[in-house]
Amino acid sequence: MILGQEIYDSNGRMLLGKHTELTEENIAYIAFLGMPGVYVDDEFSEEIQIQEIIEPEVYKAAVQIVHRVFVYSVEPGADREEEELRQKVTEIVKAALAQKDVLYNLIHIKSYDGYTYFHSVNVAILSAVLGAKLHLSEEELMDLTTAGFLHDVGKVFIDTDIINAPRKLTPEERAMMMDHPRLGYDFLVTDYHFDEDVVQAVYQHHEWYNGQGYPRRLSGKDISMLARIIKVADVYDAMTGRRSYHEPYLPSDVLEYIMGRNGMEFDPEVVQLMSTELCVYPIGCEVQLSDGRHGVVLENHRGTIMRPTIKLLDSEEKLNLTDDRSTWNLTITKLMM
Ligand SMILES: [Fe+2]
């Protein structure tokens, strides 16, 4: 098997190049990195067209700059970081605006180690895509993406043992955790010059639509639109990723969770958009059908995101779960990750 993508660590170093042969050693290494799966290049996958929202190079550079802001945040050089961050934000906003027809389709590339940085970049990208579809202005999209990158920066001031604890937190620890939006806000206001909308979105990204969130129990439209978008993107990416305290949930299950909390935790407008535009079975992923057969996702259909077209592994037959009547009694029961 030949690798169909490049693999980077959280410092942006390329670990394995595209077209690398997948030896047993390399496969073990990929598993060690905590990656749920990789794209392979072979005859079977020839017609599978992966639509990347952003170029791997941009993704890599974005992870690097977020890493620097988070790790060296107490060092001088904030102005330079701010400028570099702005460049990456511009590229992501451009990509989000240019690809309005592409459903969000991001395979999670996260090593446990660099979780926060990958997560921040994923949240920024998903937020930008959602924001573009909600017709935000370019300036609003810039602020939204910037806030997506920085939403959890307050966590650098909290003990990593608490952040990664695979157990229930004590009330004191929980209070400390719940202070990270304010810590992030204070830090950004003191050391950087971001727009007020950016720092407010960071401050508000754990508020709930019904007013039961934290830290200020804001509700409805009192929470900024940017924060309401980031809230959904944050939960989606956190739940679909691998953490010390849970295995990744299936994107379709997470979407159902989000839809179930529509109007409670999440803004209905954003949930509505997610439920039609999010690609819960990304192209190139292997799925299991309710009759036990396995296939690879070939194409997604807007509006019926749970029912993509797949190519069966054994017969190479194509099944369009939206249009083929013969498939209407079939469901996808598992995403092989
Ligand atoms: Fe957070």
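First listed ligand is number 1; within each ligand, the first listed atom is number 1.
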Of all N, O or S atoms in H205, identify the one at the shortest distance from the Fe ion (ligand 1). NE2
Closer than 2.8 Å to the Fe ion (ligand 1), do we get an N, O or S atom from H180, backbone or side chain? yes
Can you name the N/O/S atom of D152 that is nearest the Fe ion (ligand 1)? OD1
With no hydrogens and no angle check, do the side chains of Y117 and D152 hold a donor and an acceptor under 3.5 Å apart? no
side-chain contact (heavy atoms from CB on, under 4.5 Å) with L136: which of L141, D143, L130? L141
Looking at E91 and K94, does any basic side-chain N land under 4.0 Å from a carboxylate oxygen? no
Does the plane of the ring in H206 sit parallel, tilted or perpendicular to the ring in H180? Use 30° and 60° as the thresholds. perpendicular
